[in-house]
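All residue numbers in this chain count up from 1 along the given sequence.
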Amino acid sequence: ANRGEIAVRIIRTCKELGIETVAVCSEVDRLSIHSQIADRSYLLGGASPSESYLDIEKIVAAARHTGCDAIHPGYGFLAENAEFAEAVSQQGFTFVGPTADAIRAMGDKPRARKLARSVGVPVVPGSDRDAEHDDDISRGARNLGYPVMVKPSAGGGGKGMRIVRSEKDLPSALRGARSEALSAFGDDRVYIEKFLESPCHIEFQVLADAHGQIIQLGERECSIQRRHQKIIEESPSRKLNQHLRESMAKAAVLIAKSCNYLNAGTVEFLLDGGSNFYFLEMNTRLQVEHPVTEMVTGVDMVREQLKIAQGERLSFVPDDIRCRGHAIECRIYAEDPYNSFFPSTGRLTRLRAALGPGVREDCGVEEGGEIMVYYDPLISKLIAWSGTREGAIARMKRALEEYQVSGVETTVPFCLYVMDHPDFQAGTYDTGFVEHRFQVDSVAREDALTVVAAVSSACLAEWENRASVVLPGFDGKTKSRWRSKRFDSREEERMRWHG
């Protein structure tokens, strides 16, 4: 019940297990990769998510019409919607994910905070109930001390979150948070937390079967973010020593047990400069960054999800899990990193993956496909593995330099910037990386790009006019090679691509 790279990812594991698949699609996704590689494809409706991927009745009807046994929600859309999980079960299908009760318990953030505290896991100071009246929020913010964070009670992915640094900014932040939360999740409830300045964001992957076994598969460092949304992840984290790693892993398992969790989930924490960790939230679904864990553990997360959904035991016990080497994931979004990561839509006139030893690409679009305003602008995920962190960084740089995409702006330049940054290489970065490091450097880059654009435009004008070009260091009599050489359309495209 999804689209793009996660639908492709799930279908591929199903095929390896001999499980037939049905892809649901919107009108504009008829020829998408996930629609083509599934055994069958079922049209849901129009392009907008509300007409297709968010329509519970249509998705359940599609499963019934095609004779399905189970529905995998992927991530996003209805993946953390308790009503969807409940509807799937009530109609006699297996939901490949946690129970509706667990989704409700962890999807309601104030309730999840209470559960965490009840099992002795520290939480960020804040409210454990929805704040309905602005006066209550204002009093709570004064008690906590500014800055505070206004957060939606439902949903995730950074949507609807607002940092408030003074009381005069609170009313507008509340209006914005409630409006965005209502649009994204259909729920405008909010609560407040104390805002931690530039902490680290670290999460632990858990798997739980119906036989009472809950296993954690190590951590992922997710501190490179924009708009509170992750863009680069790695495992393991250099911030954790063995004692801290074991303490956080134990806390993750306790939180999963507190809501009788089933299937795959991720427990997220914030880590401050004093090595104090706080429960943030639990994502009751498969994460975008799950390939990082797969690369270091060798566990196929989707395979385990399907086994759990069929009532089977996990394929391993805790002593079997050995994290090996280091993995990094870069999300390739159709966004302009030098324009506040503004989404970039359009047709992919060129798309060539970068593979090779130790590199994996999870992609949901192909050359000629279109990045549309209706959906998340994720093009693909590049994952690099090596025996050492230094090797993984070098391998990722090589993959990013080989990766070719045109037609839209992408986050590839930003990812390369991060790989080269001394703070990332030393592992000393935090969630303030984009705000405090990238923004400063991007100003200098924009100035440089202005100069390059001016020079390029002048050179192109000279070439188009078939004029002589006098280059620095020449005697003034030498004619430019641009004057005599004619280019066909493919050569012109190659010139534009390379610079």
Under 3.5 Å side-chain donor-acceptor pair for [X] and [Y]:
X: Arg285; Y: Gln287; result: yes
X: Arg220; Y: Thr293; result: yes
X: Asn283; Y: Tyr75; result: no

With salt bridge (charged side-chain N to carboxylate O under 4.0 Å, His left out) as the test, would you mind laying out the steps for Arg104 and Glu86 before giving the verdict? CA-CA 11 Å; Arg104 285 194 181 96; Glu86 205 161 55; 2.9 Å; yes
Salt bridge check: are [X] and [Y] linked by an N-O gap of less than 4.0 Å?
X: Arg331; Y: Glu233; value: yes
X: Arg12; Y: Glu16; value: no
X: Lys151; Y: Glu193; value: yes
X: Arg389; Y: Glu234; value: yes
X: Arg40; Y: Glu20; value: no
X: Asp187; Y: Arg178; value: no
X: Asp362; Y: Arg360; value: yes
X: Arg113; Y: Asp108; value: no

